[in-house]
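To keep things clear, I will list the structure first and then write my remarks on it.
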Amino acid sequence: MSLDTRCVIAPLRVSFINMPNRPQDHGKKTMAKRIVDVVIPVALDHAYSYRVPDEMELAPGDLVRVPLGTRECTGVVWADNATPNPRLDNRLRDVAGKLDAPALRPELRKFVDWVSAYTLSPRGMVARMALRMGEHLGPERLRTGIRLTGPPPERMTAARSRVMNLLADGLARSKREAAREACVSISVIDGLIDEGTLEVLELPAESVASAPDPVYAVPDFTAAQAEAGATLRGRVGDGFSVTLLDGVTGSGKTEVYFEAVAEAMARGRQSVILMPEIALTGQFLDRFAARFGVRPAEWHSELSPRLRSRTWHAVAGGEVSVVAGARSALFLPYADLGLIVVDEEHDSAYKQEDGVHYHARDMAVVRGHIAKIPVVLASATPSVETEVNARRGRYRRLHLPERFGGVHLPTVEAIDLTRQGPPRGRFVAPRLAEAMKVTLEREEQALLFLNRRGYAPLTLCRSCGFRFSCPNCDAWLVDHRFRRQLVCHHCGFFTPRLPSCPKCQASDSFVACGPGVERLEEEAAALFPNARIMVLSSDLVATAERMREELKEIAEGEVDIIIGTQLVAKGHHFPNLNLVGIVDADLGLNNGDPRAAERTFQLLHQVAGRAGRETGRGRGYLQTHQPDHPVMRAIVAGDREAFYTTEIAARERTRYPPFGRLASLVISGPDRPSAEGFARRVASAAPPEEVVRVLGPAEAPITVIRGRHRFRLLAKAEKNFDLSGYLRGWLRRAPKVEAGVRLEVDIDPVSFL
Ligand SMILES: [Zn+2]
Ligand SMILES: [Zn+2]
């Protein structure tokens with residue numbers, strides 16, 4: 001592993017603490033100085049020791065500036081060092097300053113230590129996730145506003161009078177707000193400023209989130225919901241517990257866990273609601289606002305650096321009551337965290353696959369345990385791990401039986417592609433097309449789901465058989481017609497579409513093989529020329545804000561046919577959607593991934609559940625080559641329990657998680673021999689252990705990514721075995737990492753590619 005000694009975090013505010021005129025105790029002058037260990041957010045496990053200047057008061061958790069090499073960076077005082085190495089003492093450097101920020105609480109430091117030990121990630125890298133308070137951002141940009149103060153202008157116009165009427169209430173507004181509300185252009189406002197009618201003034205910085213009100217709008221619950229809500233409220237303030245809040249889409253899960261949030265609020269404690277990033281939609285934020293009067297603070301990758309910094313400080317200072325965020329929100333320095341909710345707990349987006357490999361749902365349970373607070377896991381299709389924990393009573397289950405407003409689940413039918421498939425080169429079977437026609441005639445919406453971006457997953461030359469593949473990866477290039485490019489989905493490589501074959505020079509010889517959402521749009525447009533069609537795919541929406549707008553357009557009925565990838569599966573509510581067609585239900589099965597069946601079941605269940613949420617006459621169609629597969633049968637029968645029972649039995653038989661433990665080591669190198677040779681030497685260093693089997697090295701299913709050749713080792717152990725400890729011992733015995741080779745450890749892997 002390469003040492004990264006760059007200072008990644010710089011301070012926002014530094015105050016050098018001087019305590020003048022303290023009486024000097026001359027007798028203590030020769031006493032050794034106090035020494036502290038400081039964890040620095042770089043890829044190192046150990047802490048650095050520093051001397052504490054006499055006049056500085058420091059305690060564990062304090063954020064400090066310390067010299068590192070020729071620079072200075074931010075770190076966290078982790079502990080007093082009672083037994084410093086005497087020979088080092090003279091060479092130790094002083095802590096340079098203490099930051100004016102709240103200290104990291106013991107609970108968070110303990111959590112960082114735990115995550116680091118469990119995932120085998122350097123402690124500095126885990127601490128770094130807790131220290132995302134922003135770099136040198138410079139002074140805050142001033143917000144200016146306008147206010148009505150002066151006399152009316154000499155020349156009055158209709159536009160000017162609208163502005164003056166608006167501002168007659170004496171309140172200050174930003175220029176843009178005023179222009180929008182009065183329906184005038186900014187130049188009208190500027191004109192009034194020039195005339196002296198309006199005054200420009202400085203507005204206070206916008207707060208990250210205003211205080212929510214736990215009793216702003218108490219919902220009208222069904223009996224079952226009210227009971228579940230009361231149970232969850234009772235668990236807040238009652239120490240550590242894990243509750244699986246289990247209910248189908250539309251059963252009111254969100255409103256029920258909001259009860260727990262309201263209880264934490266009423267007790268003056270903070271809550272975090274984790275969501276798969278993509279689910280953090282305007283719709284969710286609006287639902288929160290409808291219940292509590294204001295939106296929660298947000299935490300995700302699209303926050304501007306300044307908002308990120310302000311949110312970090314507001315969370316640490318206890319000014320924020322609720323954070324809704326992606327997985328990294330788990331590492332924020334809450335002043336007083338009282339509740340963790342993990343929404344859509346089964347979602348694989350909770351697993352971070354680079355840097356620190358961690359599963360946010362599992363780590364949420366750990367953080368809850370350390371902080372002695374309740375954790376709520378919400379899902380309509382729990383992960384097999386969570387389902388097993390609930391069946392065995394380790395997690396308490398709260399089941400929400402009814403759909404909100406008493407609406408039923410859609411009827412689902414399988415379309416057997418081996419017998420009732422579409423004509424060659426088409427992807428919508430006649431039965432599905434017929435159902436779409438009926439739906440559109442009723443002026444309702446239809447959704448075609450295909451988890452494949454682009455136009456076609458493979459392009460080949462009809463004359464010579466040439467196939468476009470990525471020069472850096474072991475993967476075909478995907479035709480993206482909207483972008484007019486062939487794109488690699490693993491490394492992002494792209495090339496323009498060519499007029500002729502690069503191998504045989506034939507022109508017009510390319511054939512698109514297989515469907516992507518863009519190709520499906522072409523087919524839908526040909527079938528229904530008058531329908532308004534929207535394609536929802538992550539590569540087509542530029543920003544989260546844009547996506548929120550598109551989802552709103554769908555919800556408001558401005559679209560007839562939606563064609564989407566898994567983006568559409570997550571937590572949106574489309575009231576007029578009554579038909580869902582799953583174009584390739586088999587996609588995702590049969591890829592050698594032990595979680596393939598589970599993931600396919602969850603995705604298909606979620607997508608099919610989009611239909612008919614309000615009208616109660618939703619229909620779903622699954623196009624599949626395997627109508628007898630347990631996943632397809634369970635979805636058609638609407639029999640979730642049957643799926644879990646079969647899948648749990650299979651896992652138990654094969655000793656896959658949660659009945660056994662897995663860890664994978666991915667070794668990659670610039671060429672095949674170096675990666676394979678190193679992987680073999682690592683494998684042969686594995687300590688013999690009766691309850692661990694080491695499999696591999698085997699070439700990873702995607703052998704080459706970004707020009708790096710990849711090999712995998714898989715360690716399979718018994719359930720209660722300390723696999724992290726075993727791996728630590730193994731890596732100590734393993735050969736030193738060679739130049740150009742990388743070794744990544746992934747405990748509890750989710751992806752096997
Ligand atoms: Zn050719
Ligand atoms: Zn590539």
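Quick caveat, the model's predicted, so the values are computed rather than measured. Remember, it's 1-based here, ligands and their atoms both numbered in the order they're listed. For the numbers below, each heavy atom of this structure counts, side chains included, while hydrogens, waters and symmetry mates do not.
Phe468 and Phe466 have perpendicular rings, their planes meeting at more than 60° on a 0 to 90° scale where under 30° would count as parallel. Between Phe331 and Tyr358, the ring planes are perpendicular. Angles over 60° get that label, and only those under 30° would be called parallel.
The pair Arg681-Glu738 meets the salt-bridge criterion, with a side-chain N (NZ, NE, NH1 or NH2) lying under 4.0 Å from an Asp/Glu carboxylate O. Comment: Arg123 does not engage Asp45 in a salt bridge, judged by the lack of any side-chain N to carboxylate O separation of less than 4.0 angstrom.
Taking the Zn ion (ligand 2) as the apex, the angle formed with SG of Cys473 and SG of Cys470 is 110°, to the nearest 10 degrees. With the Zn ion (ligand 1) as the vertex, atom SG of Cys461 and atom SG of Cys504 span an angle of 110° (nearest 10 degrees).
Among the atoms of His489, none of the N, O or S atoms falls under 2.8 Å from the Zn ion (ligand 2).
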